[in-house]
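Below is one structure; the comments refer to it alone.
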Amino acid sequence: MKIAVCVKQVPAKDAPLHIAPDGTWIRETDISFEMNEPDSYALEEALRLKEKHGGEVVAVSLGPERAKQTLKEALAKGADRGLHIADEEFYRLDPLTAARALARALEPERCDLVLTGLQSEDHGFGQTGVLLAELLGLPHATIIMSIEVQNETLRLKRELEAGWFQWLELPLPAVLTIQSGINKVRYATLKGIMAAKKKEIRTLLRTELLPSFELTQKLERIYVPQKTKKTEFLQGPPKEVAAKLLEKLKHEARVLGSS
Amino acid sequence: MRILLIAEQRQGKWNKASLETLAAAQQLAAETGGRLVAALLGQGLRALAEELAGYQLDEVLLVEHELLEPYTADGFTAALRQLIEQETPELVLLPHTYQVRDFAPKLAAALGRGLVADCIGYRYETGRIVLVRQMFQGRTAADVTFAGAPPWLATLQSGAFRSDQLARGSRPAPVREVHVKLELEQIRVRPGELFREAKQAVDLTQAPVIVAVGRGIKEKENIALAEKLARLLGGELAASRPICDEGWLPMERQIGSSGQTVAPKLYIALGISGAIQHVVGMKGSRTIVAINKDPNAPIFEIADYGIVGDLFEIVPALNEALEQSASS
Ligand SMILES: Cc1cc2nc3c(=O)[nH]c(=O)nc-3n(C[C@H](O)[C@H](O)[C@H](O)COP(=O)(O)OP(=O)(O)OC[C@H]3O[C@@H](n4cnc5c(N)ncnc54)[C@H](O)[C@@H]3O)c2cc1C
């Protein structure tokens, strides 16, 4: 089974975010980046499917030069090769345009299965996998929590709201978007990291894959959200702040018994 | 502006985000001086369509076909594409539900148009709509506009608009049946049964006090700290999703869109960033306390009391103070 998995590099969860002067992206200097969390679950799922059914895992990332680091991580964990769609201004692309570039790169690969995370932690569009399915002419399913392959059919567990799930069946080839928590993600081993050095990362230029495009939506500006509720911040050393909080909860909010 | 709202139902019941989106659509129609049409897709939905027609809108479109029940992305996309091409709305509004996430991008790609997903608000300024959505997991907001020709598609986040502001019409709007062509071969997905998994041994909805832990708790062993606080306050322990994904607490204790929705007297969030999928499950709580080391964590947007600091210093101090007041 040939599996492509789309992985995006995003700012690390605890990276301090500062808005860049042009107001449509963040300052990238001095922050660290990591693999988008849902994508790391998608990668893990791809590796497990390969281990069970044989085949090849191709990791694909659209992004600037730094995104190669995330591809290297995927190779170190066990992906066979990497495909980097280079675009320094990737953050200007709308979801449809980004998906078109990915689809152009994936078409010649003729994969049996394409996996993506269900959404990214930066833009959070939550559209890429489903857009890809339509652009590649493949069936899809989203927010998947378990995958079984039987012959040419996928048996899937799809997450729904409020603790509900649904079973689905889908013919291969197909596109799936993966939910965090579907599996336990592995760490790269030293051996894996060494082996990754010999694996190929091919770079394709977004400007060559998709020389011209028309945006369907425009990000005007990003900003720190305005607070709508007035939070009362309590300050002081731990002991003091704990006493203040209990006092407030008893006598102001009246949600604790005043014993 | 000609607005088309796609309402969502399952087994004859509204998804309540549909009604919130309808409320937003009513506002937008009033502000833009537009026509508001709502569409309902499925099978055997006449009564629900009549109910929808009671709200203030210009028309209800009832799209029934045996291949639209149960829902599939293939069926809904094909039907909605025909509907949109026939009715030529400029703006298509949908609730940001699991089902919509499953088909709306496909529909947008099929139409070659833009979809602005998961919007929390909008502004109508100088003849154009500016949509507001979250980025970086709620740590920043973004203003987004549509580019290119209509129809434009947008989905609205659950809880962003209020369905209690829905206006009823002075008389029922007309319900029009719309026929779409669908073939069985078009439907590639085979949907199966719906089921629940979590065994409901605890009922968090009844707890007066909830102490919830997030990824800031770092290790499974540290949960004992929060458990003690919950016990001292006579409350229950709960968690954000990553904690349950790790298996540190059972899924029945997960708060949020894919878990429980609670509204206790007191909700204490320890090391929880406040992602929207968590917040929708607890923002109805009477008093919310957030303890987080990041002063910009979105949880502080909804907290009544905030403590910026290390939970490993503050929670032990709280536990100690509570133990002292219990013994004195
Ligand atoms: C379709 C979908 C459904 C989802 N459903 C749910 C759901 O039902 N429930 C849910 O919770 N999530 C859900 N999520 C996930 C959600 O988007 C977030 O990823 C998740 O809520 C984050 O959990 P967290 O706040 O614990 O972790 P993080 O976002 O990683 O936040 C950890 C926080 O801890 C703080 N912290 C770290 N160390 C300390 C310390 N020592 N002291 C104090 N603070 C500290 C950090 O500053 C940070 O703010 C869903 C996501 C999707 C896409």
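Each chain gets a letter, A, B and so on, in the order the sequences are listed, and its residues count up from 1. The basis for the numbers below is simple: all heavy atoms, side chains too, and nothing from hydrogens, waters or symmetry mates.
For chain B, the nearby parts of A162(A) are the backbone and the side chain; heavy atoms of each come within less than 4.5 Å. Residue A243(A): no heavy atom, backbone or side chain, is found under 4.5 Å from chain B. For a residue to count as touching a neighbouring chain, one of its non-hydrogen atoms must lie under 4.5 Å from one of that chain's; by this rule D294(B) does not touch chain A. Residue N296(B) does not touch chain A at all, counting heavy-atom pairs closer than 4.5 Å. L96(A) touches chain B through its side chain: at least one heavy atom from C-beta onward sits under 4.5 Å away, while N, CA, C and O do not. Contacts of E240(A) with chain B are absent, with no heavy-atom separation under 4.5 Å from either backbone or side chain. Contact annotation for R113(B): only backbone heavy atoms (N, CA, C, O) come within less than 4.5 Å of a heavy atom of chain A. The contact between Q179(A) and chain B is made entirely by side chain atoms (from C-beta outward), counting heavy-atom distances below 4.5 Å. Heavy-atom distances place both the backbone and the side chain of T145(B) under 4.5 Å from chain A. Neither the backbone nor the side chain of L156(A) comes within contact range of chain B; no heavy atom of the residue lies under 4.5 Å from a heavy atom of that chain. For L115(B), the parts lying near chain A are the backbone and the side chain together; criterion is any non-hydrogen pair under 4.5 Å. Only the backbone of A141(A) comes within contact range of chain B, judged by heavy atoms closer than 4.5 Å. Using a 4.5 Å cut-off between heavy atoms, Q134(B) touches chain A through its backbone atoms (N, CA, C, O) alone. For chain B, the nearby part of I143(A) is the side chain; its heavy atoms alone come within less than 4.5 Å. In this structure, chain A has a heavy atom under 4.5 Å from the side chain of V289(B), while its backbone stays farther away. Of the atoms belonging to D143(B), heavy atoms from both backbone and side chain fall under 4.5 Å from chain A. Using a 4.5 Å cut-off between heavy atoms, K248(A) contacts chain B through both its backbone and its side chain. For a residue to count as touching a neighbouring chain, one of its non-hydrogen atoms must lie under 4.5 Å from one of that chain's; by this rule T72(B) does not touch chain A. Heavy atoms of A15(A) lying under 4.5 Å from chain B belong exclusively to its backbone. The part of K157(A) that comes within reach of chain B is its side chain, from C-beta onward, which places non-hydrogen atoms under 4.5 angstrom from that chain. Heavy atoms closer than 4.5 Å to chain A are found nowhere in L107(B), neither backbone nor side chain.
Distance CD1/I307(B) to CG/L245(A): 4.5 Å, rounded to 0.5 Å. In this structure, the separation between CZ on F136(B) and CD1 on I26(A) is 4.0 Å, given to the nearest 0.5 Å. Atom CG of L246(A) sits about 7.5 Å away from atom CG of L233(B), to the nearest 0.5 Å. Distance OG/S325(B) to NZ/K250(A): 4.5 Å, rounded to 0.5 Å. Between atom CG of residue L256(A) and atom CG of residue L232(B) there is a gap of 11.0 Å, rounded to the nearest 0.5 Å. Atom CG of residue L194(B) and atom CZ of residue R158(A) lie 8.5 Å apart, to the nearest 0.5 angstrom.
When each of Q137(B), R188(B), M135(B) is checked for heavy-atom pairs under 4.5 Å with chain A, R188(B) comes out on top. In terms of heavy-atom pairs under 4.5 angstrom with chain B, the leader among R100(A), E37(A), K244(A) is E37(A). Put simply, of S257(B), G148(B), G281(B), the one with the most heavy-atom pairs under 4.5 Å next to chain A is S257(B). Comparing A253(A), A133(A), P11(A) by heavy-atom pairs within less than 4.5 Å of chain B, the highest count is held by A253(A). Counting heavy-atom pairs closer than 4.5 Å to chain A, the top-ranked of the candidates E320(B), Q254(B), K265(B), K293(B) is K265(B). Residue with the most contacts toward chain A among V132(B), I314(B), V189(B), T77(B): V189(B) (heavy-atom pairs, distance under 4.5 Å). Interface summary for chain B: among L17(A), V10(A), V224(A), the most heavy-atom pairs under 4.5 angstrom belong to L17(A). Top candidate by heavy-atom pairs under 4.5 Å with chain A, chosen from W152(B), Y305(B), F300(B), is Y305(B). Among A142(B), A275(B), A297(B), the residue making the largest number of heavy-atom pairs under 4.5 Å with chain A is A142(B). Annotation: maximal heavy-atom pairing with chain B below 4.5 Å, among L170(A), L160(A), L219(A), T97(A), occurs at L160(A).
For the residue pair A141(B) and P225(A), the shortest heavy atom distance occurs at N-CD, 3.9 Å. Across every non-hydrogen atom of T231(A) and A303(B), the tightest pair is OG1-O, 2.8 Å. The two residues R139(B) and P16(A) come nearest to each other via the heavy atoms NH2-CA, 4.2 Å. Closest of all the heavy-atom pairs between E134(A) and A109(B) is CG-CB, 3.6 Å. When all heavy atoms of P191(B) and L168(A) are compared, the closest pair comes out as CA-CD2, 3.6 Å. When all heavy atoms of A147(B) and L215(A) are compared, the closest pair comes out as CB-O, 3.3 Å.
The main-chain N or O of R155(A) is never found under 3.5 Å from a side-chain atom of R190(B) such that the two would form a donor-acceptor pair. Judged by distance alone, with hydrogens and angles left aside, the side-chain atoms of E161(A) form a donor-acceptor pair with the main-chain N or O of Y98(B) at under 3.5 Å. Side-chain atoms of R241(B) do not come within 3.5 Å of backbone N or O of G181(A) as any donor-acceptor pair. Of the possible polar contacts, none joining the E232(A) side chain to the D304(B) backbone as a donor-acceptor pair under 3.5 Å is found.
With a 6.0 Å radius and a threshold of 12 heavy atoms from other residues, nucleotides or ligands, Q226(A) has its CD atom at or below the threshold. Counting non-hydrogen atoms of other residues, nucleotides and ligands closer than 6.0 Å to CD of Q235(A) gives a total of 12 or fewer. In the displayed structure, D22(A) atom CG is contacted under 6.0 Å by more than 12 heavy atoms of other residues, nucleotides or ligands. Within a 6.0 Å sphere centred on CD of E214(A), heavy atoms belonging to other residues, nucleotides or ligands number 12 at most. Within a 6.0 Å sphere centred on CD of Q11(B), other residues, nucleotides and ligands contribute 12 heavy atoms or fewer. The local environment of NZ in K230(A) is sparse, with at most 12 non-hydrogen atoms from other residues, nucleotides or ligands closer than 6.0 Å. Residue R221(A) qualifies as enclosed at atom CZ: its count of foreign heavy atoms under 6.0 Å is above 12.
Residues D245(B) and S180(A) form a side-chain contact, since some pair of their non-hydrogen atoms from C-beta on lies under 4.5 Å apart. Counting only heavy atoms from C-beta outward, the side chains of V130(A) and K106(B) approach each other to under 4.5 Å. Between H140(A) and D102(B) there is a side-chain heavy-atom pair separated by less than 4.5 Å.
Classification of R123(B) and E220(A) as a salt-bridged pair fails, no side-chain N sitting under 4.0 Å from a carboxylate O.
The aromatic rings of F195(B) and W167(A) lie parallel to each other, with less than 30° between the two planes, well short of the 60° mark.
Along residues 117-128 of chain A, the residues that come nearer than 4.5 angstrom to chain B, judged on non-hydrogen atoms, are L118(A), Q119(A), E121(A), D122(A), H123(A), G124(A), F125(A), G126(A), Q127(A) in order of number.
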